[in-house]
Structure formats: C-alpha cells, structure tokens
A.B. asks: 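Let me give you the structure first, and then I'll get to my questions.
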Amino acid sequence: KAGVTQTPRYLIKTRGQQVTLSCSPISGHRSVSWYQQTPGQGLQFLFEYFSETQRNKGNFPGRFSGRQFSNSRSEMNVSTLELGDSALYLCASRSGTGYNEQFFGPGTRLTVL
Amino acid sequence: GNSVTQMEGPVTLSEEAFLTINCTYTATGYPSLFWYVQYPGEGLQLLLKATKADDKGSNKGFEATYRKETTSFHLEKGSVQVSDSAVYFCALISNYGGATNKLIFGTGTLLAVQP
C-alpha cells in the first residue's frame with residue numbers, strides 16, 4: 001500500500017502571498033489531519049477532516065484553512081503569509097474508525113521570505 | 001489541559017549503550033500513548049503505542065510501558081545502534097469528553113549515537 005504523499009515537498013514564498021499544500025492519504029483512509037512543526041513551537045495540531053467535514057481545529061488564525069475532497073485527498077491553504085509561517089507542514093491519515101494510529105507523510109517544507 | 005513533557009536533549013550515547021528517554025503526561029481520562037521517531041529530513045514514523053494502563057508497546061527493540069500511577073511512558077532500548085540516531089517524540093490522544101484524534105506532542109528528544 002502506498003503511504004501518505006504530500007506535494008510539493010519544498011516551497012518558497014514571500015510575505016503576503018498565499019499557498020496551497022496537498023495531501024493524499026493512504027488508500028481507504030478517510031481521516032486527514034494537519035500539523036505544523038517549527039523549532040520554537042514544536043508540533044502543533046492544525047485541523048482534522050473526516051469524510052469532507054472538519055471535525056476538530058487547533059488554535060491557529062483564520063488565515064489557515066483546509067478542505068477535504070470526496071476521494072479523501074486534502075488541501076490546506078495559508079493566506080497572507082507571514083515569516084512565522086515558515087515550517088514543516090505534516091499531514092497524517094488514519095482509517096477513521098475507533099482508535100487508529102496516524103500515518104504521517106514526509107511533509108512540505110514552507111519557507112516564507 | 002492535556003500535555004506531554006519529555007526530557008531535554010540531546011542525548012548522546014555510544015553504540016550498544018542502554019537508552020532511556022523519559023516521558024510524562026497530563027491528561028483527563030485514559031489517553032492513548034505513542035512514541036514517534038523522526039529521521040533527518042523525513043516525516044514522523046510511529047514507533048510504538050499503548051492504549052491502556054500497564055500495556056507495553058514494543059517495536060524494533062524499543063519498549064515503553066503505560067504507567068498510570070506515575071503518568072509516565074518512558075522509552076527504553078537495551079542496545080542502541082548508530083541508525084537509531086533521530087528525534088523521538090512522545091505523544092498522546094485523549095478522547096475524554098468527545099471524539100478527537102488530535103495528537104499532543106512533547107518537544108522531542110534528539111538522540112545521537114556514536115560508533
């Protein structure tokens with residue numbers, strides 16, 4: 001089974017721009033979660049989507065948004081980029097029933113200049 | 001709120017040494033506990049997990065036991081290898097009070113194993 005894939009792997013943007021990151025979960029998995037990893041704040045939960053509905057949201061400003069499609073692929077969008085948004089963005093998928101381990105993708109490294 | 005505290009790194013060991021990385025947690029109810037590992041330039045890989053008190057998770061020679069009385073989930077390995085060099089994250093999921101699969105992570109511990 002193919003793992004979680006994230007595209008692009010690396011991205012460089014400038015302040016004020018917006019960016020869209022993509023995540024394809026493991027086949028059959030219906031839940032996708034997003035996390036931000038920075039040296040200062042560590043790993044922080046952004047949001048979780050299940051069957052195209054946002055189920056849970058972390059403590060991030062409204063500039064961070066996401067969605068999930070009917071094929072379970074998910075995108076997250078960050079508008080009006082700030083320098084502090086530079087981070088590794090990780091996507092995790094799980095099957096969606098009961099307690100399931102989350103499988104992480106390799107991440108997208110976003111650099112904001 | 002729920003939180004995870006793990007020992008500061010870096011931890012530097014010689015090959016074949018014994019490893020312990022301490023992890024304690026604060027959570028309402030009965031969380032599930034996890035150890036994830038991150039190799040340089042990669043995402044997170046689940047190393048092991050435990051879902052109830054006294055469970056022992058194990059994988060690739062690593063072990064951790066869910067201790068409710070001490071709210072701990074310490075990671076151990078009897079003989080580390082250079083290839084174990086990575087950052088290790090302790091994490092929990094607490095579904096108390098409603099469905100959520102939000103992982104709460106510790107700050108990570110860098111392990112460096114020297115030949």
Side-chain angles (χ1 to χ4, degrees), chain A residues 2-7 9-10 21 23-26 29-51 53-60 66 68 74 87-109, chain B residues 1-10 23 25 27 29-53 55 57-59 64 66 73 86-110:
Chain A
V4 179
T5 58
Q6 292 187 246
T7 57
R9 291 293 310 277
Y10 302 91
L21 313 181
C23 171
S24 293
I26 291 170
H29 283 194
R30 297 164 63 191
S31 168
V32 172
S33 296
W34 289 89
Y35 294 83
Q36 182 196 63
Q37 185 177 24
T38 60
Q41 299 300 316
L43 281 152
Q44 294 186 288
F45 172 81
L46 279 155
F47 26 65
E48 179 193 12
Y49 286 87
F50 179 82
S51 294
T53 301
Q54 187 180 88
R55 296 187 68 180
N56 202 1
K57 191 176 190 304
N59 189 26
F60 279 82
Q68 187 179 34
S74 177
L88 180 67
Y89 290 89
L90 294 164
C91 163
S93 82
R94 66 180 187 90
S95 67
T97 54
Y99 280 91
N100 299 121
E101 59 198 68
Q102 297 186 30
F103 297 86
F104 282 81
T108 294
R109 171 74 64 187
Chain B
N2 299 325
S3 66
V4 174
T5 302
Q6 61 181 106
M7 62 189 288
E8 295 270 340
C23 170
Y25 67 90
Y30 303 93
S32 293
L33 303 174
F34 305 85
W35 276 101
Y36 281 87
V37 58
Q38 186 175 37
Y39 298 100
E42 298 185 12
L44 299 173
Q45 296 178 28
L46 178 65
L47 183 58
L48 52 84
K49 66 178 181 181
T51 58
K52 60 183 188 297
D55 266 2
S58 62
N59 186 26
Y66 188 142
F73 193 55
V87 180
Y88 292 80
F89 292 92
C90 185
L92 69 81
I93 286 177
S94 174
N95 279 1
Y96 181 83
T100 173
N101 288 283
K102 169 185 170 181
L103 275 162
I104 296 171
F105 289 91
T107 52
T109 301
L110 173 63

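Protein chains get the first letters and strands the later ones, always in sequence-line order, with residue 1 at the start of each. A quick note: this is a predicted structure, and the numbers were derived from the prediction, not measured.
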A.B. asks: Below 4.5 Å from any heavy atom of chain B, which atoms of A/Leu90 appear? Answer side chain, backbone, both or neither.
C.D. replies: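 Contact with chain B: side chain only.
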A.B. asks: For the CD atom on A/Gln54, are there more than 12 heavy atoms of other groups (residues, nucleotides or ligands in this structure) within a distance under 6.0 Å?
C.D. replies: yes
A.B. asks: Is chain B contacted by the side chain of A/Phe47, its backbone, both, or neither, given a heavy-atom distance below 4.5 Å?
C.D. replies: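 Contact with chain B: none, neither part.
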A.B. asks: Report, as yes or no, whether the 6.0 Å neighbourhood of atom NZ on B/Lys52 holds more than 12 heavy atoms from other residues, nucleotides or ligands.
C.D. replies: no
A.B. asks: Sort out for me which of A/Pro106, A/Gly107, A/Gly58, A/Ser31 touches chain B most, counting heavy-atom pairs under 4.5 Å.
C.D. replies: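 Winner by heavy-atom pair count: A/Pro106.
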A.B. asks: State, yes or no, whether a side-chain contact exists between B/Tyr66 and B/Pro31 at a heavy-atom distance under 4.5 Å.
C.D. replies: yes
A.B. asks: State, yes or no, whether a side-chain contact exists between B/Lys102 and A/Ser33 at a heavy-atom distance under 4.5 Å.
C.D. replies: no
A.B. asks: Taking side chain as everything from C-beta outward and backbone as N, CA, C, O, which of these in A/Gln44 sits under 4.5 Å from a heavy atom of chain B? Side chain, backbone, both or neither.
C.D. replies: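 Interface part for A/Gln44: neither.
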A.B. asks: Please work out which of the three classes, parallel, tilted or perpendicular, describes the rings of A/His29 and A/Phe103, given edges at 30° and 60°.
C.D. replies: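 The arrangement is tilted - the two ring planes meet at 30° to 60°.
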A.B. asks: Given a strict heavy-atom distance threshold of 4.5 Å, which part of B/Leu44 is in contact with chain A: side chain, backbone, both, or neither?
C.D. replies: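 Interface part for B/Leu44: both.
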A.B. asks: Taking side chain as everything from C-beta outward and backbone as N, CA, C, O, which of these in A/Arg9 sits under 4.5 Å from a heavy atom of chain B? Side chain, backbone, both or neither.
C.D. replies: side chain
A.B. asks: What part of B/Gln45 gets closer than 4.5 Å to chain A, counting heavy atoms only: side chain, backbone, both or neither?
C.D. replies: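 Neither the backbone nor the side chain of B/Gln45 comes within 4.5 Å of chain A.
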A.B. asks: Out of the candidates A/Arg55, A/Arg94, A/Lys57, A/Gln68, only one should pair with A/Glu48 under the side chain to side chain donor-acceptor pair (under 3.5 Å) rule; please name it.
C.D. replies: A/Arg94
